[in-house]
There are 2 protein chains.
Amino acid sequence: MLSIGKLSAATGVKVPTIRYYEDIGLLPEAERSAGNQRLYDLAAQERLAFIRHARELGFPLDSIRELLSLSDQPDMSCAAADVIATRQLAAVNDRIIRLQALQRELERMLAQCAHGTISDCMVIEVLSDHANCLHDHHGDRRPLSSQS
Amino acid sequence: MLSIGKLSAATGVKVPTIRYYEDIGLLPEAERSAGNQRLYDLAAQERLAFIRHARELGFPLDSIRELLSLSDQPDMSCAAADVIATRQLAAVNDRIIRLQALQRELERMLAQCAHGTISDCMVIEVLSDHANCLHDHHGDRRPLSSQS
DNA sequence: ATAGGGTCTCTAGCAACTAGAGCTTCAAGA
DNA sequence: TCTTGAAGCTCTAGTTGCTAGAGACCCTAT
C-alpha cells in the first residue's frame, strides 16, 4: 500500500490534485491508515495513471469520467470510447486551426513593426484599429476564452 | 454618449464583461447618468475595441494592461510592445507544437482501434498503459492545465 | 400611467487545479 | 525512547476570464 506522497511520485500527479480527484469522485475514497492517512493499492495507481495520461492528451475531466466507466465494462462495444476520442481529436484540431490564425496575425504584426516609437508601432496600431487586421472577427461569435 | 448596452453592441464585448473590465481596472470608471447608469464616450469605445482585439489574439489581460499603458505614451520606444507581442507569439507557437503532438497521438490511437469491445479497444488501452504511447511524459513536468 | 426593456449591485459558479493556515501523524536518528 | 522534521490531514480561498442569476431600479414609448 502506498501513501499519497508515494502515489504522487509514482504517477507524477501532485498530492493536492489527487485529493481533488477524490473530492470530485474521479477516484474512489481511499482507504485510511490507523492515523487517518490515505492508502492506495495498485488498482488506484493504475486508475490515476489512466487519468493522468488522458489529461495529458487534453481530455476534460468529464470525458475521463466517461472513459473510466467504460473501461470498467470490458465486454461493451468500444464505439462510445471512439466517440469520446474523436470528439477530443476534433477539439484539438479546431484549436490548432485557430491558433495558427493567431500565429500568422502576430507574425505579420511583428514583421511590420519598424521598431520606432509607440506612436507608429504596428503592434499597437494593429490592436487599435481593426482595419489593419486580416483577422476576421465579424463571423466570430465564439466566447473569447475558448481560443486559449 | 453611449449606454453600456450600445457600447456592447458596438464592440462585441458583452455587458457583464465590460463591467468586469471596469472592476479589475482595465477600463476606467465610467461616467454615470443622473440615474446612475454608465455612459461611455468614444475614447472608452476605442479602448474597449483595443482590449477585445488583443483578447482575440490571445493576449492575457495582464499583457493587455501593459500594452494599454504603453499606448498612452506615444513617444516611448515600442521595444516593450514588441517584447510583449513576441512573448505572446512564442506562447502561441508553443501551444501549437504541443497540440500537434496530441493530434498525432489521438489519430494513432483511433487508427489502431479495431472497433471491437472495450477489452481490446486501443483507445482505452493506450490510456491505460503508457508503454503503448509515443507521447513523452517523462521530461514533461509542466502543469497539465497549461496545455489546453 | 404603465409595461417592457435595459441597467444596477451583489453573489456564486465554471474548469482544473494551486496555495496557505494550522493541525496531526509517521519514520528515522541520537 | 525521545525527538525532530517531513509528510499528511482538513478547510478555505485564490487563480483566469468571464457567465449566470436574484432582486431592485431606471428609462422610454404608448
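Worth knowing before you read on, the calculation uses all heavy atoms, side chains too, and leaves out hydrogens, waters and symmetry mates. Proteins come first, then strands; the chains are lettered A, B, ... in the order of their sequence lines, and each starts at number 1.
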Subject >> Spacing between Phe59(B) atom CZ and dT16(D) atom P, to the nearest angstrom >> reply: 18 Å
**OP:** May I have the distance from Ile64(B) (atom CD1) to dC18(D) (atom C1'), rounded to whole angstrom?
**Re:** 13 Å
Subject >> Distance test, side-chain N/O of Ser3(B) to OP1/OP2 of dG6(C), below 4.0 Å >> reply: no
Subject >> Residue-phosphate contact under 4.0 Å: Thr17(A) side-chain N/O, dT18(C) OP1/OP2 >> reply: yes
**OP:** May I ask you to evaluate whether Ser33(A) reaches the phosphate of dC26(C), defined as a side-chain N or O under 4.0 Å from OP1 or OP2?
**Re:** yes
**OP:** Report the C-alpha distance between Glu107(A) and Arg104(A) in whole Å, list the side-chain angles of each, state the deciding distance to 0.1 Å, and finish with yes or no for salt bridge (Lys or Arg N to Asp or Glu O under 4.0 Å).
**Re:** CA-CA 5 Å; Glu107(A) 276 168 354; Arg104(A) 282 191 296 274; over 6 Å; no
Subject >> Proximity to the side chain of Gln37(B) - top-ranked nucleotide from dA16(C), dC8(C), dT18(C) >> reply: dC8(C)
Original post:
Any side-chain heavy-atom pair from Leu57(B) and Met109(A) closer than 4.5 angstrom?
Top reply: yes
Subject >> d(OH, Tyr40(A); P, dA7(D)) in whole Å >> reply: 16 Å
**OP:** Would you kindly confirm whether Leu39(A) and Val15(A) end up in one hydrophobic cluster when ILVMFWY residues are joined by side chain heavy atoms under 4.5 Å apart?
**Re:** no
Original post:
Is the distance from OP1 or OP2 of dT16(D) to the nearest side-chain N or O of Tyr20(B) less than 4.0 Å?
Top reply: no
**OP:** Examine dT9(C): is either OP1 or OP2 under 4.0 Å from a nitrogen or oxygen in the side chain of Arg32(B)? Give yes or no.
**Re:** yes
Subject >> Residue-phosphate contact under 4.0 Å: Arg19(B) side-chain N/O, dC8(C) OP1/OP2 >> reply: yes
Original post:
Under 4.0 Å between a side-chain N or O of Arg38(B) and OP1 or OP2 of dT7(C)?
Top reply: no
N/O donor to acceptor pairs below 3.5 angstrom from side-chain atoms of residues 60-67 of chain B, sequence neighbours left out:
| residue | atom | partner | partner atom | Å |
| --- | --- | --- | --- | --- |
| Ser63(B) | OG | Arg87(B) | NH1 | 3.3 |
| Arg65(B) | NH1 | Ile24(B) | O | 2.9 |
| Arg65(B) | NH2 | Ile24(B) | O | 3.3 |

Original post:
Of Asn36(A) and Lys6(B), whose nearest nucleotide on DNA chain C comes first from the 5' end?
Top reply: Lys6(B)
Original post:
Taking for each residue the nucleotide of DNA chain D bearing the nearest heavy atom, is the 5' side occupied by Ala34(B) or by Leu61(B)?
Top reply: Leu61(B)
**OP:** May I have the distance from Arg65(B) (atom CZ) to dG17(D) (atom C1'), rounded to whole angstrom?
**Re:** 12 Å
**OP:** Send over the distance from Glu22(A) CD to dA16(C) C1', rounded to a whole Å.
**Re:** 17 Å
Original post:
Does Tyr21(A) have a side-chain nitrogen or oxygen under 4.0 Å from the phosphate oxygens OP1 or OP2 of dA16(C)?
Top reply: no
Original post:
Could you state the CD1-P distance from Ile18(A) to dT18(C), rounded to the nearest angstrom?
Top reply: 11 Å
Original post:
Do any side-chain nitrogens or oxygens of Lys14(B) fall under 4.0 Å of OP1 or OP2 in dC18(D)?
Top reply: no
Original post:
Which one, dC17(C), dT19(D), dG17(D), comes nearest to the side chain of Pro60(B)?
Top reply: dG17(D)
Original post:
Between Arg19(A) and Asp23(A), is there a salt bridge with N-O shorter than 4.0 Å?
Top reply: no
Original post:
How many Å lie between CD on Glu56(A) and P on dC17(C), as a whole number?
Top reply: 11 Å
**OP:** State which of dG17(D), dC9(D), dA16(C) makes the closest approach to the side chain of Ile4(A).
**Re:** dC9(D)
Original post:
Roughly, in whole Å, what's the span from CG in Leu39(A) to C1' in dC9(D)?
Top reply: 13 Å
Original post:
How about Ile96(A) and Leu99(A): do any of their side-chain heavy atoms sit closer than 4.5 Å?
Top reply: no
